[in-house]
Amino acid sequence: AAGVIQSPRHLIKEKRETATLKCYPIPRHDTVYWYQQGPGQDPQFLISFYEKMQSDKGSIPDRFSAQQFSDYHSELNMSSLELGDSALYFCASSLDRGGEQYFGPGTRLTVT
Amino acid sequence: AQTVTQSQPEMSVQEAETVTLSCTYDTSESDYYLFWYKQPPSRQMILVIRQEAYKQQNATENRFSVNFQKAAKSFSLKISDSQLGDAAMYFCAYRRFGNEKLTFGTGTRLTIIP
């Protein structure tokens, strides 16, 4: 069965640079979620989109923005990167709002 | 705000034995969902089992079962016949009905002893 695809899988950036993470949901899934998992920590909800509209917002820094496109893929844009942004970023998708969330393999971002 | 607490940072169990992981949560809501996710060394988040709060019957998935005590706000995971592949970090998670975000506990690292 098709799963959530995230790219890139690994990303190394320097402080103050920008990064773009991409997420391709499972086919027919219209809701996308982003989570951030710091080293040794539990995942923290950042933001979600339903039918291309932002549907919920968590602890996402102002330096980050995200959107969902017409094909339902989503991108998380991160600017002015800080060392503390180093983390595993998960995307999850579900079939409509409130559905079961299926997680992608994550993108590991390292900021040096 | 909802909180999820896992009081056991680490657990270990002999292969083929049974182990129970604990989880408590705090909420004022009556409709919600509870989940157990497994995160093996690959770091992939895998859904193990889910429970709807309105259901009195405890969920089961093969060797995995839960003990859901709504009044006590407790949601433990029992793994029977433990296998080496069960070794992972296990996260308990909560989601309010009609809401989207998952709130995770801090996790329990499970080690399987051969």
Side-chain angles (χ1 to χ4, degrees), chain A residues 1 3-6 9-11 23 25-26 29-51 53-60 66 68 74 86-110, chain B residues 1-10 21-27 29 31-55 59 61 75 77 88-110:
Chain A
V4 177
I5 297 171
Q6 290 188 246
R9 294 293 307 278
H10 302 273
L11 190 58
C23 169
I26 293 171
H29 281 197
D30 55 14
T31 309
V32 169
Y33 314 79
W34 287 97
Y35 291 84
Q36 176 192 57
Q37 186 179 27
Q41 302 196 346
D42 54 286
Q44 296 290 318
F45 173 75
L46 293 178
I47 196 166
S48 62
F49 293 87
Y50 168 68
E51 284 291 345
M53 299 287 289
Q54 180 184 308
S55 53
D56 200 358
K57 191 173 181 179
S59 50
I60 183 169
Q68 186 180 31
S74 178
S86 295
L88 189 57
Y89 290 84
F90 285 108
C91 172
S93 73
S94 69
L95 187 62
D96 71 47
R97 298 180 71 182
E100 204 96 343
Q101 293 183 28
Y102 294 86
F103 282 75
T107 293
R108 181 172 297 284
L109 172 66
T110 302
Chain B
Q2 291 81 21
T3 58
V4 179
T5 302
Q6 294 179 249
S7 59
Q8 306 154 315
E10 296 183 355
L21 308 184
S22 301
C23 173
T24 58
Y25 58 95
D26 185 27
T27 184
E29 304 291 331
D31 292 332
Y32 51 87
Y33 302 92
L34 296 164
F35 306 85
W36 279 97
Y37 279 88
K38 168 184 176 181
Q39 189 175 43
S42 67
R43 307 301 300 278
Q44 174 81 48
M45 292 290 284
I46 302 165
L47 177 65
V48 175
I49 199 165
R50 71 176 265 169
Q51 174 81 41
E52 291 87 347
Y54 65 86
K55 288 187 178 179
E61 285 289 341
F75 183 61
L77 174 69
M89 181 72 89
Y90 285 81
F91 290 99
C92 178
Y94 165 100
R95 180 166 66 79
R96 180 166 62 90
F97 180 78
N99 196 265
E100 296 175 15
K101 76 171 210 177
L102 286 168
T103 299
F104 290 87
T106 50
T108 296
R109 183 173 301 284
L110 178 64

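Just so we're on the same page: letters track the sequence lines, and every chain starts at 1. As the structure is a computational prediction, the values presented were derived from the model and not from experiment.
Your options are A:G106, A:G58, A:S94, A:S55, and the one with the most heavy-atom pairs under 4.5 Å with chain B is A:S55. Between chain A and the residues B:G98, B:A93, B:G107, B:G105, the most heavy-atom pairs under 4.5 angstrom are made by B:G105. Contact count against chain B (heavy-atom pairs under 4.5 Å) is highest for A:Q101 among A:Q101, A:Q41, A:K57.
Inter-residue side-chain proximity for A:Y35 and B:F104 is flagged as met; some heavy-atom pair is nearer than 4.5 Å. Using a 4.5 Å heavy-atom threshold, the side chains of B:M45 and A:P43 count as touching. Residues A:F103 and B:L102 meet the side-chain proximity criterion, which asks for heavy atoms closer than 4.5 Å.
Across all their heavy atoms, B:F91 and A:Q37 have their closest contact at CZ-NE2, 3.6 Å.
Applying the salt bridge (charged side-chain N to carboxylate O under 4.0 Å, His left out) rule to pairs touching residues 94-110 of chain B yields A:R97-B:E100, sequence neighbours excluded.
Of the atoms belonging to A:T31, it is side-chain heavy atoms, and not backbone ones, that fall under 4.5 Å from chain B. Proximity to chain A is absent for every atom of B:F97, based on heavy atoms less than 4.5 angstrom apart.
Rounding to the nearest 0.5 angstrom, the gap separating the CZ atom in A:F45 from the OG1 atom in B:T103 is 9.5 Å.
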